[in-house]
A.B. asks: 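Handing you a structure now.
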Amino acid sequence: MKTRAEDFAGLTVAMTTPFKNGKIDFDALAKQVEFLVGAGATALSPTGTTGESPTLTHEEQHEVIRKTVEFVAGRAKVLAGTGSNNTEEALSLTRYAAEVGADAALVITPYYNKPTQEGMYLHFRKIAESVDLPICVYNVPGRTGKAIEPETIIRLAEFKNIAMVKEASGSMDAASKIVAATDLTILSGDDSLTLPFMSLGAKGVVSVVGNFAPHDLVALCAAMNQGNLEEARRLHYRLLPLCRDMLSLATNPIPVKKAMQLLGRDTGELRLPMTELEPALTERLRRSLVDYGLLAE
């Protein structure tokens, strides 16, 4: 079945934000954009969880979104992270993303204040009615403390620019309900669930591993969309150890930042309260990168 945002099918990379001496390293950001566009990523998603948006000022968030749009230059889609637990703040960030040319906005479920399902519905409704930009509802209860239920997402589908769902609840049942009842484009929010979610009707993934191993993820999504299950399975099992490490060794984006550093793609610098991956876990991650073939012995 054709869905609302088919042009986002495939790999969307949840981009890291590179830092150098406490400041955003825009030269490194430009190089990362080139790497990901060259690998065939469908979309790049700056200023999300992986991009450490909780530690960016609003001015920095604006600048990262604007620069990403500038660096991409129309060669891929830009899905800008614009969410907040404050509806007016999320609305302001989403308006800015629209103004500077982002192709869509990734809007997280309001976190910490834990609104009711009605509150969530009204939050997304206000943004959808106020900004002429496709919206991707980002459901990640492990981060926000509360899930946006499938029934609420189904209600939100009445708004034409509610176009996508990044489903990071890990729930096959939730994804199945949304696929069955709407034409929303579903994207897996967990790297390791890309294949099973796509088997249910999801169209791709918003990926952390894609920051440094995009080619196999592009190929996995393409194999699933072409019905080549055997090749998709092969890529799924090849990617699985990296997917595991990005979520199990420490809180995202600590492991991916360390992986990027080990591969010479980033300084690995984080902002407090995020701290560096401890040495024993760094060695485990290094071994995974070696085994995968990304890093020399």
Side-chain angles (χ1 to χ4, degrees), residues 12 14-17 45-58 61 64-65 79-94 97 104-128 131 134-157 159 162-178 182 184-193 197 202 205-208 243 246-248 250-256 270-274:
T12 295
M15 294 179 69
T16 57
T17 300
S45 186
T47 63
T49 305
T50 308
E52 295 177 77
S53 59
T55 65
L56 300 179
T57 66
H58 287 166
Q61 195 163 348
V64 171
I65 293 170
L79 175 62
T82 63
S84 173
N85 60 345
N86 176 330
T87 302
E88 291 301 323
E89 190 173 278
L91 179 54
S92 175
L93 288 166
T94 305
L106 179 68
V107 182
I108 197 167
T109 310
Y111 44 84
Y112 185 75
N113 47 14
K114 297 174 73 174
T116 64
Q117 293 300 308
E118 183 66 15
M120 292 181 190
Y121 170 81
L122 294 172
H123 172 85
F124 285 103
R125 187 183 78 174
K126 182 163 187 177
I127 296 167
V131 185
I135 304 297
C136 179
V137 175
Y138 179 13
N139 185 33
V140 56
R143 288 277 185 174
T144 64
K146 197 166 186 179
I148 180 166
E149 299 295 339
E151 293 75 15
T152 304
I153 294 173
I154 291 165
R155 284 181 71 197
L156 287 167
F159 302 100
I162 300 283
M164 294 175 274
V165 180
K166 179 183 175 183
E167 184 53 69
S169 68
S171 171
M172 299 293 176
D173 286 354
S176 296
K177 287 179 182 178
I178 298 164
T182 76
L184 296 171
T185 299
I186 311 301
L187 302 172
S188 173
D190 295 294
D191 278 288
S192 62
L193 295 179
F197 266 55
V205 61
V206 183
S207 169
V208 176
C243 299
M246 290 309 102
L247 292 179
S248 68
T251 305
N252 181 40
I254 293 171
V256 67
L270 297 142
R271 282 184 174 174
L272 287 171
M274 295 290 102

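Values below: all heavy atoms of this structure, side chains included; hydrogens, waters and symmetry mates excluded.
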A.B. asks: For the CD1 atom of I135 and the CG atom of L184, what is their distance to the nearest 0.5 Å?
C.D. replies: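 CG of L184 is found 12.0 Å from CD1 of I135.
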A.B. asks: Dump the intermediate steps for side-chain contact (heavy atoms from CB on, under 4.5 Å) on D191 and M246, then the final yes or no.
C.D. replies: CA-CA 9 Å; D191 278 288; M246 290 309 102; 5.5 Å; no
A.B. asks: Using the rule given for side-chain contact (heavy atoms from CB on, under 4.5 Å), can you reason through H123 versus V107, listing the C-alpha separation, both sets of side-chain angles and the distance that settles it, and then say yes or no?
C.D. replies: CA-CA 10 Å; H123 172 85; V107 182; 4.1 Å; yes
A.B. asks: Can you check whether P115's main-chain N or O pairs, donor with acceptor, with K146's side chain at less than 3.5 Å?
C.D. replies: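 Yes, the answer is positive, given that a donor and an acceptor are paired below the 3.5 Å cut-off.
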A.B. asks: Once salt bridge (charged side-chain N to carboxylate O under 4.0 Å, His left out) is applied, do any residues pair with K114, and if so which ones, sequence neighbours excluded?
C.D. replies: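 Expected list: none.
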A.B. asks: Measuring from atom CE of M164 to atom OG1 of T12, what distance do you get when rounded to the nearest 0.5 angstrom?
C.D. replies: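 Separation between the atoms: 7.5 Å.
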A.B. asks: With a 3.5 Å distance limit and no angle check, can you tell me whether Q117 reaches the backbone of A147 through a side-chain donor-acceptor pair?
C.D. replies: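 Confirmed, Q117 side chain pairs with A147 backbone.
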A.B. asks: For G48, is there any backbone N or O sitting under 3.5 Å from a side-chain donor or acceptor partner on S53?
C.D. replies: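 Present.
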A.B. asks: Under 3.5 Å, side chain of T47 to main-chain N/O of G81, donor-acceptor pair present?
C.D. replies: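 At least one qualifying donor-acceptor pair exists.
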A.B. asks: On a heavy-atom basis, which atom in R271 and which in E52 lie closest, and how many Å separate them?
C.D. replies: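 The answer is N-OE1, 3.3 Å.
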A.B. asks: Tell me the closest heavy-atom pair linking L106 and S45, and the distance in Å.
C.D. replies: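 Minimum heavy-atom contact is CD2-OG, 3.7 Å.
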A.B. asks: For the atom pair CD1 (I154) and OG1 (T182), what is the distance rounded to the nearest 0.5 Å?
C.D. replies: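 Between I154 CD1 and T182 OG1, I get 6.5 Å after rounding to 0.5 Å.
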A.B. asks: Which distance, rounded to the nearest 0.5 Å, do you find between the CG of L193 and the OG of S171?
C.D. replies: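 Nearest 0.5 Å value for the CG-OG distance: 10.0 Å.
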A.B. asks: Once you round to the nearest 0.5 Å, how far does CD1 of I127 lie from CZ of R125?
C.D. replies: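 CZ of R125 is found 12.0 Å from CD1 of I127.
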A.B. asks: Taking 4.0 angstrom as the limit, do E118 and R155 come out as a salt bridge?
C.D. replies: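 Yes, this pair counts.
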A.B. asks: Between L91 and V131, does the side-chain contact (heavy atoms from CB on, under 4.5 Å) criterion hold? Intermediate values first, please.
C.D. replies: CA-CA 8 Å; L91 179 54; V131 185; 3.5 Å; yes
A.B. asks: Any side-chain to backbone donor/acceptor pair from E167 onto A174? Under 3.5 Å, distance only.
C.D. replies: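 No, E167 side chain to A174 backbone: no donor-acceptor pair under 3.5 Å.
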A.B. asks: In chain order, what residues pass the salt bridge (charged side-chain N to carboxylate O under 4.0 Å, His left out) check against R143, with sequence neighbours excluded?
C.D. replies: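 Salt bridge (charged side-chain N to carboxylate O under 4.0 Å, His left out) check on R143 returns nothing, list empty.
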A.B. asks: If I compare all heavy atoms of F197 with all of A175, which pair ends up nearest, and what's the gap?
C.D. replies: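 So the minimum-distance heavy-atom pair works out to CE2-CB, 3.8 Å.
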A.B. asks: Using modelled atom types only, decide if a donor and an acceptor are shared between the side chain of N252 and the backbone of T49 within a distance under 3.5 Å.
C.D. replies: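 No, N252 side chain to T49 backbone: no donor-acceptor pair under 3.5 Å.
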A.B. asks: Write down the atom of D190, the atom of G170, and the distance for their closest heavy-atom approach.
C.D. replies: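 So the minimum-distance heavy-atom pair works out to OD2-N, 3.9 Å.
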A.B. asks: Check A105 against L79 and note the closest heavy-atom contact, atom names and distance.
C.D. replies: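 That would be C-CD1, 3.6 Å.
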A.B. asks: Looking only at heavy atoms, which two atoms of Y111 and S84 are closest? And how far apart?
C.D. replies: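 It is OH-CA, 3.6 Å.
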A.B. asks: Would I148 and V137 count as a side-chain contact (heavy atoms from CB on, under 4.5 Å) here? Give the steps.
C.D. replies: CA-CA 9 Å; I148 180 166; V137 175; 4.1 Å; yes
A.B. asks: So, Q61 side chain and L93 main chain: donor-acceptor pair closer than 3.5 Å or not?
C.D. replies: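 Pair absent, no side-chain N/O of Q61 close to backbone of L93.
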A.B. asks: Between N86 (side chain only) and E89 (backbone N and O only), is there a donor and an acceptor less than 3.5 Å apart?
C.D. replies: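 The answer is yes, because a donor-acceptor pair under 3.5 Å joins these two groups.
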A.B. asks: Using a 4.5 Å cut-off on heavy atoms from C-beta on, say whether the side chain of L270 contacts that of P253.
C.D. replies: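 The answer is yes, as the side chains (C-beta and beyond) meet within the 4.5 Å cut-off.
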A.B. asks: Taking atom OG1 of T50 and atom CD1 of I254, what is their separation to the nearest 0.5 Å?
C.D. replies: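 Here the interatomic distance stands at 12.0 Å.
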